[in-house]
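Read through the structure below, which is laid out as C-alpha cells, and then see the notes.
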Amino acid sequence: MTDVTVDIWIPDGFAELPLTDIDRHLGVVGDLASELPESRVRNMTAGVLPMISILLKGLVQRDARYCGIGRHLTSTGALITSCVTVCVYETGGEKLNPRLVLKDLVKSRIAAGDELGEIEFVDIDARPVLFSERISTLPAPQFPGSPYVTETASTYQLEAVVPAESGTAIAAIELSTARLDDGPEFRRMIFDMARSIAFRADFSDATSSLNW
C-alpha cells in the first residue's frame with residue numbers, strides 16, 4: 001500500500017465493505033446467516049460470501065481505499081444496485097505533468113489490450129480528469145439463488161481517474177452496475193466524487209490547490 005492519503009466524498013446510499021480483517025468481518029456475517037431458518041437468503045449468503053472475500057482481497061492488492069455497495073432509486077423509480085471502488089496508485093515518485101500521466105495511462109491500457117470504451121479528458125476546477133464509460137461482459141457469479149441464468153453478464157462501468165497535482169499519484173473511482181440502461185444516471189455522481197478528491201501527502205515541493 002502506498003503512503004499517499006486521499007480524501008473523497010462518498011454519496012449517501014452506499015454501505016462500506018471491509019478492506020482490513022476481511023475474513024473476520026465476513027465470518028461474522030456468515031455466522032449470523034447460518035442462524036437464520038432455511039431460506040433463499042441464507043443459501044445466497046453462504047454462496048456469495050466466498051466470492052465477496054475474493055473480490056475484497058483482490059481490491060486490497062490493487063491498493064483500494066474504499067469499496068461500497070449502493071442501493072438507489074432511479075429517475076423512473078426503479079431500485080438499482082451498484083458498486084463503487086476507489087483505488088490509489090503511485091506513478092514512481094518522479095514529478096510529472098498530470099496531463100501526461102493521464103495520456104500515458106491511456107496508452108498503457110491500449111497496449112495491454114484493455115477495453116477502454118468511450119473516453120474523455122475534462123478539466124474540473126483546473127485539474128485534468130479522465131472519464132471512461134463502457135459496457136463489459138464479465139463472468140456471472142454462480143451461487144444458490146443467483147439471478148443470472150447465463151455464464152456471463154453485461155455490466156455498465158463508469159470510471160474517473162484523477163492525478164495528483166505533482167503527477168506522482170493517481171486516484172481511480174469506478175462504478176459498476178448490472179442495470180445497463182440506468183448506469184448513465186450516475187455520471188453526475190462520479191463527476192462530483194472526482195471533484196472532491198484531495199491528495200494529502202508530502203509531494204516535496206508540490207502544492208495542493210484544494211488545501212484539504
Side-chain angles (χ1 to χ4, degrees), residues 1-6 8 19 51 54-68 82-141 150-180 183-184 186-206 208-209:
M1 181 175 289
T2 71
D3 295 327
V4 179
T5 299
V6 170
I8 183 171
L19 292 173
M51 288 182 288
I54 293 172
L55 167 67
L56 294 178
K57 290 176 181 178
L59 288 175
V60 171
Q61 293 179 349
R62 293 170 52 196
D63 203 3
R65 304 303 176 85
Y66 176 85
C67 178
S82 66
C83 177
V84 163
T85 60
V86 181
C87 296
V88 178
Y89 310 95
E90 290 192 62
T91 57
E94 181 182 358
K95 292 183 183 179
L96 301 168
N97 184 316
R99 298 180 189 277
L100 293 180
V101 170
L102 295 182
K103 290 181 179 180
D104 288 344
L105 175 63
V106 171
K107 290 180 180 179
S108 66
R109 288 183 172 181
I110 292 175
D114 292 348
E115 187 178 356
L116 298 180
E118 298 182 13
I119 63 173
E120 182 179 6
F121 293 92
V122 301
D123 282 347
I124 300 179
D125 299 333
R127 290 196 303 178
V129 179
L130 171 65
F131 284 94
S132 64
E133 193 170 7
R134 59 191 174 271
I135 294 177
S136 300
T137 300
L138 303 174
T150 60
E151 294 183 355
T152 60
S154 295
T155 304
Y156 169 89
Q157 296 178 325
L158 181 62
E159 184 184 39
V161 181
V162 183
E165 191 171 285
S166 64
T168 56
I170 60 174
I173 310 163
E174 183 178 284
L175 176 139
S176 300
T177 179
R179 294 289 294 268
L180 306 185
F186 289 98
R187 289 169 181 160
R188 180 67 199 189
M189 185 190 81
I190 296 300
F191 180 93
D192 289 338
M193 291 180 70
R195 167 176 278 169
S196 76
I197 284 181
F199 293 85
R200 292 193 292 110
D202 180 11
F203 294 121
S204 298
D205 296 330
S208 172
S209 60

In Å and rounded to the nearest 0.5 Å, what is the [atom1] to [atom2] distance from [X] to [Y]?
X    : Y    : atom1 : atom2 : value
N97  : E165 : CG    : CD    : 11.0 Å
R99  : D123 : CZ    : CG    : 4.0 Å
F191 : S196 : CZ    : OG    : 11.0 Å
I8   : I173 : CD1   : CD1   : 3.5 Å
L130 : K103 : CG    : NZ    : 11.5 Å
F131 : E118 : CZ    : CD    : 14.0 Å

Could I get the full list of side chain to side chain contact (heavy atoms under 4.5 Å, CB included) partners for P98, not counting sequence neighbours?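 Checked P98 against side chain to side chain contact (heavy atoms under 4.5 Å, CB included); matches are P128, P163.
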So, using side chain to side chain contact (heavy atoms under 4.5 Å, CB included) as the criterion, who are the partners of T177 when residues are at least two apart?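 If we apply the side chain to side chain contact (heavy atoms under 4.5 Å, CB included) test to T177, skipping adjacent residues, the hits are I80, S82, Y156, L175, R179.
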Exercise: identify the closest heavy-atom pair between [X] and [Y]:
X    : Y    : result
E115 : S136 : OE1-OG, 3.6 Å
Y89  : A172 : CE1-CB, 4.2 Å
Q157 : E174 : NE2-OE2, 4.0 Å
L19  : C67  : CD1-N, 4.1 Å
R187 : L158 : CA-CD2, 3.6 Å

In a table with atom names and distances, give each donor-acceptor pair under 3.5 Å that connects a side chain of residues 107-114 to protein atoms at least two apart or in another chain.
residue: S108; atom: OG; partner: D104; partner atom: O; Å: 3.4
residue: S108; atom: OG; partner: L105; partner atom: O; Å: 2.7
residue: R109; atom: NH1; partner: E159; partner atom: OE1; Å: 2.8
residue: R109; atom: NH2; partner: E159; partner atom: OE2; Å: 3.3

Show your working on side-chain contact (heavy atoms from CB on, under 4.5 Å) between F121 and V106 and close with a plain yes or no. CA-CA 11 Å; F121 293 92; V106 171; 3.8 Å; yes
Would S132 and I119 satisfy side-chain contact (heavy atoms from CB on, under 4.5 Å), going step by step from the backbone distance to the final call? CA-CA 4 Å; S132 64; I119 63 173; 3.8 Å; yes
Examine distances only and state if a side-chain atom of T91 and a backbone atom of G167 form a donor-acceptor pair shorter than 3.5 Å.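 Checking the backbone N and O of G167 against the side chain of T91, a donor-acceptor pair under 3.5 Å is found.
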